[in-house]
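Keep in mind that the numbers below use all heavy atoms, side chains included, and drop hydrogens, waters and symmetry copies. Every number for a ligand or one of its atoms is a count from 1 in the order of the listing. From a predicted model like this one, the values you see are computed outputs, not experimental measurements. When a residue number appears, it is its place in the shown sequence, counting from 1.
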Amino acid sequence: MNLKADRWVVGQDYFEAPTCASCHMSATRKQKVTHDVGARISWNLRAPISRKQKNWQQKRKNMEDVCTNCHGQSFADGHYYQLDATVKLYNEKFAVPATKIMKLIKKKHLLTNPAAFSNKIEWTYWELWHHEGRRARHGAAMFGPDYTWWHGFYEVAQHFYFKFIPEARELNDPEVNAAIDKLLKDDPMHQWLQKPTKDLKAAIKNGEMQKIYRKMFSTQ
Ligand code: HEC
Ligand code: HEC
């Protein structure tokens, strides 16, 4: 790794493996060392709903310039194709609908206790994006499939369907209930809840299920 060398340029002084600094801060043949860790990041993966950063194309190129010292360009392209699809899946299936429901609940003053975080559903929503939702996104950004799945989407899905939605229904508000009913009935990503397993397995085999999710993979 040449860790004791005075100069530490990826692809020149070492190839073995990247550290946090290699990808986010250190020099490459084309870029100087930077303390602006945002300079190579195209998404905001921290927010409740992820959005691309300003000037994201250039920022992504800056990161790909790091990757391509050790990998071919197609490897980096494949990585971003997968990352974009993962972030879109998180956004569109879970984060956008959960945020809309939470906003409606707050707008209608349906929570019993006045202080922030004094009601159960506030914690459920917060953990959905801030804990498991972030782990899913960061895992996909940085090659941690176990984080993306077991500590990420597995919990996002489980808590969305079996904590967040039931807790929202417990508030007994007709408008909130109607919004939830509409989401589960009309959105093809959530319609599985009403279908028998054998029909779902058939839909996976014959490609119908892939069609629903293919939109995630369209480019930018
Ligand atoms: C192999 C390169 C690589 C390594 C090593 C790496 N990262 Fe990352 N990191 C990325 C990529 C790629 C992204 C997503 C970039 C994008 O949004 O386009 C990312 C995103 C992030 C984000 C998310 C920022 C945000 O809110 O969007 C954080 C925080 C982060 N990295 C911290 C770290 C830390 C801490 C380490 C070391 C423990 C580390 N990274 C190691 C490549 C790397
Ligand atoms: C300093 C060299 C270096 C840099 C820079 C680097 N990688 Fe790697 N990467 C490696 C090595 C070495 C492995 C193989 C690790 C192993 O097999 O355990 C690897 C593995 C991977 C894997 C496979 C992970 C897996 O679970 O099998 C992916 C995907 C990947 N890199 C993508 C990237 C992307 C995208 C970037 C830029 C954001 C990047 N790498 C930057 C050296 C690097």
| Would a distance-only check, ignoring hydrogens and angles, find a side-chain to backbone donor-acceptor pair under 3.5 Å from T68 to Q73? | no
| Residue H79 vicinity, atoms of ligand 2 by number, heavy atom under 4.0 Å | 35 (C)
| query | Less than 4.0 Å between a side-chain N and a carboxylate O, is that true for D186 and K182? | reply | yes
| Is_contact(atom 25 (C) of ligand 2), protein non-hydrogen, under 4.0 Å | no
| query | Which residue supplies the protein heavy atom nearest to atom 38 (C) of ligand 1, what is that atom called, and how far is it? | reply | C20 SG, 2.6 Å
| Note: R60-D84 ion pair, threshold 4.0 Å (strictly below) | yes
| How about Q191 and D187: does a side-chain donor come under 3.5 Å of a side-chain acceptor? | no
| message | Heavy-atom contact check, 4.0 Å cutoff: does P18 meet ligand 1? | response | yes
| query | Does ligand 2 have any atom sitting under 4.0 Å from a heavy atom of V66? | reply | yes
| message | Could you identify the single nearest non-hydrogen protein atom to atom 2 (C) of ligand 2 and state the distance to 0.1 Å? | response | C70 SG, 2.0 Å
| said: Could you tell me, atom by atom, which parts of ligand 2 come under 4.0 Å of a heavy atom of M63? | reply: 38 (C)
| How far is atom 12 (C) of ligand 2 from its nearest protein heavy atom, and which residue and atom is that? | E16 O, 2.9 Å
| said: Heavy-atom pairs closer than 4.0 Å: do any link ligand 2 to the side chain of V10, the backbone, both, or neither? | reply: side chain
| message | If only side-chain N and O atoms count, and only distance matters, is there a donor-acceptor pair under 3.5 Å linking T28 with D65? | response | yes
| query | Taking 4.0 angstrom as the limit, do R40 and E64 come out as a salt bridge? | reply | no
| said: Can you report which non-hydrogen protein atom sits closest to atom 29 (C) of ligand 2, along with the distance? | reply: F75 CE2, 3.7 Å
| message | Measuring centre to centre across the rings, with the benzene-like ring taken for any Trp, is W150 within less than 6.0 Å of Y154? | response | yes
| query | For ligand 2, which atoms, with element, lie under 4.0 Å from some heavy atom of F15? | reply | 1 (C), 2 (C)
| message | Any nitrogen or oxygen of W43, side chain or backbone, less than 3.5 Å from one on ligand 1? | response | yes
| field | Residues H159 and E127: side-chain donor-acceptor under 3.5 angstrom | value | no
| note | Residue, atom and distance of the protein heavy atom nearest atom 27 (O) of ligand 1 read L45 N, 2.8 Å
| Can you find a non-hydrogen atom of W56 under 4.0 Å from ligand 1? | no
| task | Provide the number and element of each atom of ligand 1 under 4.0 Å from a heavy atom of T19. | result | 5 (C)
| query | Would you say W123's side chain and S118's backbone share a donor-acceptor pair under 3.5 angstrom? | reply | no
| query | Backbone, side chain, both or neither: what part of A17 comes under 4.0 angstrom of ligand 2, heavy atoms only? | reply | backbone
| message | Using a 4.0 Å cutoff against the non-hydrogen atoms of C23, which atoms of ligand 1 qualify? | response | 1 (C), 2 (C), 3 (C), 4 (C), 5 (C), 42 (C), 43 (C)
| request: Go through the side-chain N and O atoms of N44 and Q53 and say whether any donor and acceptor fall under 3.5 Å apart. | output: no
| query | So, N119 and E122: side-chain donor and acceptor under 3.5 Å apart, yes or no? | reply | yes
| task | Write out the residue and atom name of the closest protein heavy atom to atom 28 (C) of ligand 1, then the distance separating them to 0.1 Å. | result | M142 CE, 4.0 Å
| Atom indices of ligand 1 within 4.0 angstrom of H138 heavy atoms, with elements | 23 (C), 29 (C)
| task | Please report which non-hydrogen protein atom sits nearest to atom 13 (C) of ligand 1, along with the residue it belongs to and the distance in Å to one decimal place. | result | A141 CB, 3.7 Å
| Does atom 16 (C) of ligand 2 have a protein heavy-atom neighbour under 4.0 Å away? | no
| request: List the closest protein heavy-atom neighbour of atom 32 (C) of ligand 2: residue, atom name, distance to the nearest 0.1 Å. | output: F143 CE2, 3.4 Å
| task | Would you check if the side chain of R29 reaches a backbone N or O of V10 as a donor-acceptor pair within less than 3.5 Å? | result | no
| task | List every atom of ligand 1 that sits less than 4.0 Å from any heavy atom of N44, numbering the atoms from 1 in the order shown and giving each element. | result | 27 (O)
| query | With only distance considered, is H71 within less than 3.5 Å of ligand 2 through an N or O on each side? | reply | yes
| query | So, does R60 sit close enough to ligand 1 that a heavy atom of it is under 4.0 Å from the ligand? | reply | no
| query | How far is atom 41 (C) of ligand 2 from its nearest protein heavy atom, and which residue and atom name does that atom have? | reply | C67 CA, 3.7 Å
| task | State whether E155 and R135 are salt-bridged, where the test is any N-O pair (Lys NZ or Arg NE/NH1/NH2 against Asp/Glu carboxylate O) under 4.0 Å. | result | yes
| said: Show, in sequence, the C-alpha distance, side-chain angles and deciding distance for T99 and Y125, and conclude whether the side chain to side chain donor-acceptor pair (under 3.5 Å) test is met. | reply: CA-CA 8 Å; T99 302; Y125 171 68; 2.8 Å; yes
| query | Less than 4.5 Å apart, any side-chain heavy atom of M25 and any of V33? | reply | no
| note | Restricting to heavy atoms, the pick from K52, R40, H24 nearest atom 9 (N) of ligand 1 would be H24
| field | Nearest candidate to atom 18 (O) of ligand 1, where distance is taken over non-hydrogen atoms, out of G144, S42, A140, S50 | value | S42
| field | Point-to-point distance, once rounded to the nearest 0.5 Å, from NE2 of H24 to OG1 of T34 | value | 12.0 Å
